[in-house]
Amino acid sequence: MAAFLSERHLATLTVVRPDGRPHVTPVGFTWDGDADLVRIITFAGAVKVRLLSSGPLTAAVCQVDGARWATLEGMATVSADPDRCAAGVARYTERYGAPRDRGADRRVIELSVSRMLGRA
């Protein structure tokens, strides 16, 4: 599973809104198995950021490649902390290449994984 989660694939992030409706969006993400943490870099104006700005919400990241798939579930938060954003950008760069510079607009979503499902 760790190898599959390090390959260059996109995924979907699903954030469950307070009213129970899902918000699903395509994302690049990184997996930190030592911390059981998914990181997703984004920008301040994204809907997912606005949803998470009021506090942690249940979320899932799902990556699919043919018959291989992985879903990582847990609670997600968003941060503008420069150190956390830099960690997210550094890991993203390793997996996908350097992202566009967002400056002060950069945000990082951190999903604390409590459940993993899949077939890798």
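Taking 4.5 Å as the limit, every side-chain heavy atom of Arg39 sits out of range of all side-chain heavy atoms of Phe29. Counting only heavy atoms from C-beta outward, the side chains of Met75 and Thr58 approach each other to under 4.5 Å. Contact annotation: the side chain of Phe43 never approaches that of Val49 to less than 4.5 Å [non-hydrogen atoms, C-beta and beyond].
If you chain together hydrophobic residues whose side chains sit under 4.5 Å apart, Ile41 and Val47 fall into the same group. A continuous path of hydrophobic side-chain contacts links Phe4 to Leu111 [ILVMFWY only; heavy atoms under 4.5 Å]. In the hydrophobic clustering of ILVMFWY residues, with side-chain heavy atoms under 4.5 Å counting as a link, Leu13 and Met116 come out together. Both Leu5 and Leu10 are assigned to one and the same hydrophobic cluster, defined by single-linkage of ILVMFWY side chains at heavy-atom distances under 4.5 Å. Using a 4.5 Å cut-off between side-chain heavy atoms of Ile, Leu, Val, Met, Phe, Trp and Tyr, with links allowed through other members, Ile109 and Leu37 fall into different hydrophobic clusters.
Here the side chain of Arg106 pairs a donor or acceptor atom with the backbone of Thr42 at under 3.5 angstrom. Here the side chain of Arg107 pairs a donor or acceptor atom with the backbone of Ala104 at under 3.5 angstrom.
Across Asp101 and Gly103, no two heavy atoms sit closer than the pair OD1-N, 3.1 Å. The shortest heavy-atom contact between Asp83 and Asp81 is N-OD2, 3.0 Å. Minimum interatomic distance between Arg68 and His9 (heavy atoms only, all atoms of both residues): NH2-NE2, 3.7 Å.
Rounding to the nearest 0.5 Å places CZ of Arg102 at 11.5 Å from SG of Cys85. Atom-to-atom distance recorded for Arg17:CZ and Leu52:CG is 11.5 Å, nearest 0.5 angstrom. Here the CD atom belonging to Glu73 is positioned 7.0 Å from the OG atom belonging to Ser114, to the nearest 0.5 angstrom.
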Could you give me the CA-CA distance, side-chain angles and deciding distance for Leu57 and Val16, then say whether side-chain contact (heavy atoms from CB on, under 4.5 Å) is met? CA-CA 6 Å; Leu57 293 173; Val16 180; 5.8 Å; no

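More than 12 heavy-atom neighbours from other residues, nucleotides or ligands sit within 6.0 angstrom of CZ on Arg95.
A cation-pi contact, defined as under 6.0 Å to the ring centre and within 45° of the axis, is absent between Arg91 and Tyr96.
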